[in-house]
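For reference, the structure is listed below as structure tokens.
Numbers restart at 1 for each chain; the letters A, B, ... are given by sequence-line order, proteins then strands.
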Amino acid sequence: MKPCDDPVALDDWYAIDSAATLDSMARRQILLGHEVRVWRDESGVARAVTASRDLPVIERYGCIFTSLGRPARALVEIAEAAEADRRVVVCGWVAIRSSAGRIVENFLDMAHFPYVHTDILGAEPHTEVGRYATDMRDGELWATGCQFWQPRAGATQSEGMMMELSYRVPSPHIVMLYRVSPPAPHRRDAIALFIQPISETLCRAQPVMWLVDPVSTHLAMLQFEQVIFMQDRIILENQRPLRIPLDPAAEVPMPADAASVAYRRWLATLGLRYGTERAA
Amino acid sequence: MSMWVPVALSRDVPAGTTLGTIVQDREIVVWREEGGALHAWEDRCPHRGMRLSRGFVRGDRLGCLYHGWRFDAGGACRLMPAHPDGRIGASARVGSYFCAEAGAVIFVSLEKDGCGPQGDGTARPLRSMTLLAPVATVRSAIAAGLPDGLAVAVQQVGACETVLHATLAAEHAGLAAEMDFFLRDLRTRTEAGA
Amino acid sequence: MIGLAHAVVPQDGLAADLPLLVDADRRIIGLPAILAHLGTRAPDWLPPAAVPWLSFCAHAARALGEARAQSLACGVVAADTWRAGWAAMVAVEDHLDAQARAGFGWIAGARPSLAEPALLPAIALSGDGDIDHRGFPAVRRWLRMARALPGFVTMPGMGEFV
């Protein structure tokens, strides 16, 4: 596996392990084709090194973040993580044979809900995706005003409702979803997906959720998200090419793909090469 | 030289089903309308590259599993469920190839071939069997001799993966169990060498 | 599917092979014990002919599950693990093909039995572990028939349309 030499990919923060399971026994992770060892030192501080140097480490959001380069921006701020009354569910890492860009796009997409997450996040005939807005805010990509009819929006729900959603992509390898919290409609649940590219076509990813849900067991919330994730994995591993195409002519979008189109344009503007298919 | 490649027994792609396969290194989906008509297409939805072989058949349309895009028999997209009243551009179409059935076997050709595939019209399907062995190894094992009445159409799927689509002449139909035993032994022999 | 009231308790771990069945006030752990229990509650689903097939199914499910677990954890399946999973799939295919030739559509005979739920999840999800159904037409036919059984409930990774 060729180590990444794309500075756009290297100069960013990546989650590579979980805080709760990290101990003094060093674990070997592969980030962007580079081998990284991560462990907790005697004072309990998380450390990460390559063969030749120390790496910066941030322990936040249930994860251990590091960088192989020099990130120009701070790690994403997730306000919901500081709210003490939320249920925090760190869902576990799953390996996916796909590129980070494809994984982000799948997370941003609503039109697949009735087909991939049938009777959970969507169901025929409620397949229409209305217009929504995309824009850049402070260097982050947002999709807002999204609406979709969901049979079971969350672990607490057994009846359908029209769900309002927003999406946020704070950096190319982190994507977030905000949705109205069914038990507390004046607040929003926040779900983040942290992606660790191992190679251009193999990633690990971990969802972390901050939910307003006083009722569900931890296991029920976890299982709900895992079901969704496993269904998406089947899609991701069956898309060709594995790398995300950045040439607008390579694939055929529809209006519901506004967020995906904006995301691809953004990656092209950033000059990201790693994990992408560019125009010939 | 015929460009027809065997990909399945007709019986194994019943009406309303899809099958992903490989023809000359290309990923192909073979699918059968509920009314029986068979198609062979590029196994890739033009939208986001999802394998159509994971999709679903409704009537005479193939639906992509990812977003439900519905394609007609000619490969043109006729419905995008996210925009039920929307206009559909001409680029929303799937590349199609040629397929034909002969002697209980489905054949695919990537190019137009004047002659159809050859097959014994009275042959009975036996089974399709995947061998983890290179096609050359399999062909030489077959060349060493097949029992009377057994016919085998060979499909190369990968460097070390070959599929045999086996049929029986009608008058030997009672020997199916013996023929299956022969094929399983062939599989063991060819995989051992690989 | 079997027509019994039951509660399936979610288990942690994506590759957990420790399902838990709660039936009235009894908690039953592990697939073999669950199947034996269901067999006592619904004897039609566990005729004597089906009993020997339960361990065949358990072995195949374990081999396929191991490949799946490795793929989920690191995206790669070790060669010998994959071969064991493939061999299990071949054994299931050979058996179902022979059954079909004899006029039987199901693992243990002319009717579905507990051998079906014993094996179905592992087979349905085998693609997660890089063992595709494309090379196994008898397995595909069996999956289609199983999906048509009354009370059949889809589960993660299968979807309505696959």
Side-chain angles (χ1 to χ4, degrees), chain B residues 7-22 27-30 43 50-58 62-66 68 106 124-132 155 157-158 161-166 168 173-181 183-184 187-188 191, chain C residues 56 60 63-64 67 77-105 123-148 152 154-162:
Chain B
V7 297
L9 297 175
S10 294
R11 148 195 101 182
D12 291 333
V13 188
T17 67
T18 67
L19 175 69
T21 187
I22 299 195
E27 293 191 356
I28 302 292
V29 55
V30 174
D43 194 3
M50 177 65 188
R51 279 196 172 119
L52 289 172
S53 53
R54 292 299 203 128
F56 54 97
V57 177
R58 284 199 195 144
L62 177 61
C64 178
L65 176 62
Y66 200 173
I106 298 173
R124 308 280 174 80
L126 179 61
R127 68 182 293 195
S128 291
M129 180 186 270
T130 301
L131 282 54
L132 295 179
Q155 174 193 10
V157 164
E161 193 178 337
T162 306
V163 185
L164 299 184
H165 305 287
L168 277 184
L175 292 171
E178 286 81 359
M179 301 295 193
D180 178 54
F181 185 84
L183 287 173
R184 290 201 264 149
R187 179 176 65 197
T188 307
E191 289 187 348
Chain C
F56 168 82
L64 291 169
V77 184
D80 54 355
T81 306
W82 186 87
R83 285 211 170 246
W86 178 273
M89 188 67 104
V90 169
V92 173
E93 170 75 11
D94 283 351
H95 173 62
L96 288 174
D97 182 73
Q99 286 291 80
R101 240 195 337 277
F104 301 132
I123 297 277
L125 300 175
S126 69
D128 287 347
D130 229 357
I131 295 165
D132 207 63
H133 298 159
R134 143 169 90 72
F136 303 103
V139 169
R140 285 160 35 92
R141 194 183 318 137
W142 174 74
L143 280 172
R144 282 194 295 266
M145 287 185 349
R147 225 169 277 136
F152 181 84
T154 60
M155 45 180 200
M158 281 188 75
E160 290 292 339
F161 304 105
V162 230

Query raised in the report: What part of B:Val157 lies closer than 4.5 angstrom to a heavy atom of chain C: side chain, backbone, both or neither?
Result: side chain
Report task. Considering only NZ, NE, NH1 and NH2 on the basic side and carboxylate oxygens on the acidic side, decide whether B:Arg187 and C:Asp94 come within less than 4.0 Å. Result -> yes
Query raised in the report: At what distance, to the nearest 0.5 angstrom, does CD of B:Glu27 lie from CZ of C:Arg134?
Result: 8.0 Å
Report all side-chain donor-acceptor pairs from residues 12-19 of chain B shorter than 3.5 Å, counting only partners two or more places apart or in another chain.
from, atom 1, to, atom 2, distance (Å)
B:Asp12, OD1, C:Arg141, NH2, 3.3
B:Thr17, OG1, B:Pro14, O, 2.7
B:Thr18, OG1, B:Ser53, O, 2.7

Query - Option in B:Ala176, B:Ala8, B:Gly63 with maximal non-hydrogen atom pairs under 4.5 Å from chain C - result: B:Ala176
Query - ring-ring contact (aromatic ring centres under 6.0 Å, His included) partners for C:Trp86, two or more places apart - result: C:Trp82, C:Phe136
Query raised in the report: Can you name the closest pair of heavy atoms from C:Asp97 and B:Leu126 and give their distance?
Result: OD1-O, 4.1 Å
